[in-house]
Amino acid sequence: MSSDTTGLVLVGIGGGGCRMAAAARMAHGDGLDAVGFDTDEVSLRGISGVRCQLIGATRLSKQGAGGVHSNGRLAAQDDLPLILAQLKDARVVVLVTSLGGGTGGGATPVILKALRAEGKVTLCFVTLPFSFEGADRRQVAERDRPFIEQGADTLVLTPLDDLYAGSEQMPLSEAIRQADATMASGLSLLWRLLLTPGYIRFDPARLQNMLVSAGTARLGVASASGAGRTDAVVAALRRTPLLRQGEALAGARALALGILAGADLRLAEIGAIMDRIRATCRKDVHLEMGVVLDACFDGQIEIVALAFEQWMPAEQRTSAAGGAHAGGLLPDDGHGDGKLLVGRDKFGSQVEKTVIKGEDLDIPTYQRLHIRLER
């Protein structure tokens, strides 16, 4: 990894993930540390601006996973030391991948599990196949999704049907360019929000606190300029398909919101945007916001939002993890065995977990071993 001291790194996994990471790096420029891992040498040749690593080369002859989940999983396991070496200085790892093929669905859970074992916080952006790609590919994506959801602190789902909404009549090359630009814009804005000194700072530590065990989320971006831009930018955010035309905002338990603008941004505009956002959300939503002024946004306002479907405050997470026994573990017998008394399920309930030799036995065996079941 580079000498970047922010502790934040972007990781592309598989062909689609590497392409999205490269687009985000190009949109942002210097200051976005990005690395990519893929099993297909030819695919990696088309990626620029990202430090790319070929994985599983010996096993797969550098020709890709062939759409086979187990090939992607084994490739990541083969080269896990190489992957972790690239990420050794990171505290928060943002991963991007596409499901429906072999490398993204197979390798991503392995990498997430290893990062969690090292104590790193993970935010994983996942795209789901187009509906026209057929039921088989969609089922592959849906079978792989639980493995990723189990390993990531926060999972951001983006169906390609939503990402490409409004571009159905465009030539394919233009539609792909526009969709990549939308995802890249969201990632780039998130990076600027986190790393650019701002008047209301949203730094990586605040993001890290929100991400831990937050479950699933949605990403939305919007921009506006000219007269009435505050109303226009909030309206655009509500309309975006990426946030389900406002449904994700209205139902969010927590919201991370970044406002990026030029030096002409007025205090009254910030207040107006926040009032309109709060009017859209639940009354009890936990809202974290930041404001960054950057000359590259002169004359316009950009908003980036992460809407979390489930979330609980840090003190509640600490209490749930600790349970009735200090540290949350029964005394160890010297063999690494222990029982985690209290954890949290996806609905926020306090439930008892069983952990033996570092393995959570409440997770089905096929999920812990990343075995995909055929239907």
- Item | Hydrophobic cluster identity match, Leu82 and Leu115, side-chain contacts under 4.5 Å | yes
- Message: For Ala181, is there any backbone N or O sitting under 3.5 Å from a side-chain donor or acceptor partner on Ser185?
- Response: no
Result block: side-chain N/O donor-acceptor pairs under 3.5 angstrom for residues 220-233, not counting sequence neighbours:
from	atom 1	to	atom 2	distance (Å)
Arg229	NE	Glu269	OE2	2.8
Arg229	NH1	Asp264	OD2	3.4
Arg229	NH2	Glu269	OE1	2.9
Arg229	NH2	Glu269	OE2	3.4
Asp231	OD1	Arg276	NE	2.4
Asp231	OD1	Arg276	NH2	2.8

- Item | Side chain proximity check, Gln300 to Glu302, heavy atoms < 4.5 angstrom | yes
- Side chain to side chain, Leu8 and Leu194, heavy atoms closer than 4.5 Å: yes
- Those residues that, when tested against Arg145, pass side chain to side chain donor-acceptor pair (under 3.5 Å) (two or more places apart): none
- Query: Is it true that atom CD of Glu118 has more than 12 heavy atoms of other residues, nucleotides or ligands lying nearer than 6.0 Å?
  - Reply: yes
- Task: Could I get the full list of side chain to side chain contact (heavy atoms under 4.5 Å, CB included) partners for Ile200, not counting sequence neighbours?
- Result: Met289, Val291
- Query: Under the 3.5 angstrom rule, does the side chain of Asp153 hit a backbone N or O of Thr122 as a donor-acceptor pair?
  - Reply: yes
- Query: What distance separates Ile301 CD1 from Arg266 CZ, expressed to the nearest 0.5 Å?
  - Reply: 8.0 Å
- Query: Taking Asp38 for the side chain and Leu44 for the main chain, is one N or O donor matched with an acceptor at less than 3.5 Å?
  - Reply: no
- Item | Spatial distance of atom CG (Leu128) from atom CD (Glu142) [nearest 0.5 Å] | 6.0 Å
- Do the non-hydrogen side-chain atoms of Lys120 and Arg91 ever get within less than 4.5 Å of each other? no
- Item | Between CD1 on residue Ile259 and CG on residue Leu193, distance to nearest 0.5 Å | 9.5 Å
- Task: Determine yes or no for a side-chain-to-main-chain donor-acceptor pair under 3.5 angstrom, with Thr154 supplying the side chain and Leu211 the backbone.
- Result: yes
- Message: Test your reading of the model: is there a side-chain donor-acceptor pair from Arg192 to the backbone of His28, 3.5 Å cut-off?
- Response: yes
- Message: So Leu155 and Leu157, do their side chains get closer than 4.5 Å, heavy atoms only?
- Response: yes
- With Phe297, which residues qualify under ring-ring contact (aromatic ring centres under 6.0 Å, His included), at least two apart? none
- Message: How long is the straight-line distance from CG of Leu187 back to CZ of Phe125, given to the nearest 0.5 Å?
- Response: 5.0 Å
- Item | Approximate separation, where rounding is to 0.5 Å, of Arg73 CZ and Thr103 OG1 | 13.0 Å
- Task: Applying side chain to side chain contact (heavy atoms under 4.5 Å, CB included), run through Arg25 and Asp30 and close with a yes or a no.
- Result: CA-CA 8 Å; Arg25 176 66 172 78; Asp30 293 338; 3.5 Å; yes
- Item | Beyond-backbone contact of Val94 with Trp191, side-chain heavy atoms, under 4.5 angstrom | yes
- Query: Are Val110 and Leu60 connected, step by step, through hydrophobic side chains (Ile, Leu, Val, Met, Phe, Trp, Tyr) whose heavy atoms are closer than 4.5 Å?
  - Reply: no
- Flag the pair Val126 / Thr108 as yes when at least one side-chain heavy-atom distance between them is below 4.5 Å, and no otherwise. no
- Would Val9 end up clustered with Val50 when hydrophobic side chains under 4.5 Å apart are linked, directly or stepwise? no
- Message: Go through it in stages, so that I can follow the logic: the residues are Val304 and Leu260, the test is side chain to side chain contact (heavy atoms under 4.5 Å, CB included), and I'd like the CA-CA distance, side-chain angles, deciding distance and then a yes or no.
- Response: CA-CA 8 Å; Val304 57; Leu260 301 96; 4.1 Å; yes
Donor-acceptor pairs are to be reported for all side-chain atoms of residues 248-255 against protein atoms at under 3.5 Å, with residues two or more places apart or in another chain.
none

- Query: Yes or no on side chain to side chain contact (heavy atoms under 4.5 Å, CB included) for Leu243 and Leu237, after CA distance, side-chain angles and deciding distance?
  - Reply: CA-CA 8 Å; Leu243 292 175; Leu237 189 68; 3.8 Å; yes
- Message: Holding to side chain to side chain contact (heavy atoms under 4.5 Å, CB included), I want the full list of residues that pass it with Glu41, two or more places apart in sequence or in another chain.
- Response: Arg45, Leu54, Lys62
- Query: What pairs meet the salt bridge (charged side-chain N to carboxylate O under 4.0 Å, His left out) rule with one or both residues in residues 162-172, with sequence neighbours excluded?
  - Reply: Asp162-Arg218
- Query: How long is the gap from CZ on Arg137 to CZ on Phe132, to the nearest 0.5 Å?
  - Reply: 10.0 Å
- Message: Membership question, hydrophobic clusters at under 4.5 Å side-chain separation (ILVMFWY): are Leu32 and Met26 in the same one?
- Response: no
- Would you check if the side chain of Ser43 reaches a backbone N or O of Asp40 as a donor-acceptor pair within less than 3.5 Å? no
Side-chain donor-acceptor pairs of residues 13-21 under 3.5 Å, sequence neighbours excluded:
from	atom 1	to	atom 2	distance (Å)
Arg19	NE	Asp180	OD1	3.4
Arg19	NE	Asp180	OD2	3.0
Arg19	NH2	Asp180	OD1	3.4

- Go through the structure and list residues passing salt bridge (charged side-chain N to carboxylate O under 4.0 Å, His left out) with Arg278, not counting sequence neighbours. none
- Message: Test of understanding: with salt bridge (charged side-chain N to carboxylate O under 4.0 Å, His left out), list the residues that count as partners of Asp78, not counting sequence neighbours.
- Response: Arg59
- Would you say the side chains of Thr158 and Thr127 form a donor-acceptor pair under 3.5 Å? no
- Query: Mind checking what makes side chain to side chain donor-acceptor pair (under 3.5 Å) contact with Arg239, not counting sequence neighbours?
  - Reply: none
- Message: Using side-chain heavy atoms (C-beta onward) and a distance below 4.5 Å, is Leu242 in contact with Thr182?
- Response: yes
- Task: Apply side chain to side chain donor-acceptor pair (under 3.5 Å) to Thr280 and list each qualifying residue two or more places apart in sequence or on a separate chain.
- Result: Arg238
- May I ask you to test the Ile270-Leu265 pair for a side-chain heavy-atom distance under 4.5 Å? yes
- Test Leu160 against Glu133 for side chain to side chain contact (heavy atoms under 4.5 Å, CB included), laying out the working first. CA-CA 11 Å; Leu160 289 178; Glu133 292 184 79; 4.3 Å; yes
